[in-house]
Amino acid sequence: MTLLDAVGGRTLIDRPIPGGGQIIQSSVTVTLTVDFMRAVGTGILFASAIPDHIGKTLAYVSVKVTLDALDGDIVSRGIGTYRIYTKSLVKAI
């Protein structure tokens with residue numbers, strides 16, 4: 001679930017917000033709904049995400065994890081809603 005969440009939020013970074021010309025710098029998960037399709041004992045997991053819609057403050061992303069290749073058997077899939085920001089939420093120390 002953490003892998004799905006991370007790839008969902010990361011896929012939004014550096015994308016433009018439609019109509020505003022601003023660039024997404026950070027995102028925070030609002031909701032994440034996940035379906036687990038199969039157990040995994042061994043192998044390499046691949047995660048991918050596609051933004052379904054980017055609005056002014058929220059973005060909706062489809063995410064999935066596959067086994068051993070990007071087009072491998074689906075391990076899990078999900079839909080995430082992310083609050084998007086045009087400034088970084090990371091604070092320098």
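Position 1 is the first residue of the sequence, and the numbers go up from there.
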Separation between [atom1] of [X] and [atom2] of [Y], rounded to the nearest 0.5 Å:
X	Y	atom1	atom2	result
L4	T33	CG	OG1	11.0 Å
K56	Q22	NZ	CD	10.5 Å
T42	D68	OG1	CG	7.5 Å
H53	T81	NE2	OG1	10.5 Å
I50	T11	CD1	OG1	8.0 Å

Hey, quick one: are [X] and [Y] part of the same hydrophobic cluster, counting side-chain heavy atoms closer than 4.5 Å, chains of contacts allowed?
X	Y	result
V63	F36	yes
I13	I54	yes
M1	Y82	yes
L32	V75	yes

Could you pull out the closest heavy-atom pair between [X] and [Y], with the gap in Å?
X	Y	answer
S27	L12	CB-CD1, 4.3 Å
Q25	D14	NE2-OD1, 4.3 Å
K87	S26	O-OG, 3.3 Å
A47	V7	CB-CG1, 3.9 Å
I84	G55	CD1-O, 3.4 Å
A49	G8	CB-CA, 4.1 Å

(request) Answer yes or no: are there more than 12 heavy-atom neighbours, outside I44 itself, under 6.0 Å from its atom CD1? (result) no
(message) Which residues pass the salt bridge (charged side-chain N to carboxylate O under 4.0 Å, His left out) test with R10, not counting sequence neighbours?
(response) none
(message) Restricting to salt bridge (charged side-chain N to carboxylate O under 4.0 Å, His left out), what partner residues turn up for D35, sequence neighbours left out?
(response) R77
(request) Report yes if some heavy atom in the side chain of L45 is under 4.5 Å from a heavy atom in the side chain of L67; otherwise report no. (result) yes
(message) With heavy-atom distances below 4.5 Å as the criterion, would you say the side chains of V40 and V65 are in contact?
(response) no
(request) Could you list who else is in L58's hydrophobic cluster, with ILVMFWY side chains joined at under 4.5 Å, directly or through other members? (result) V30, Y60
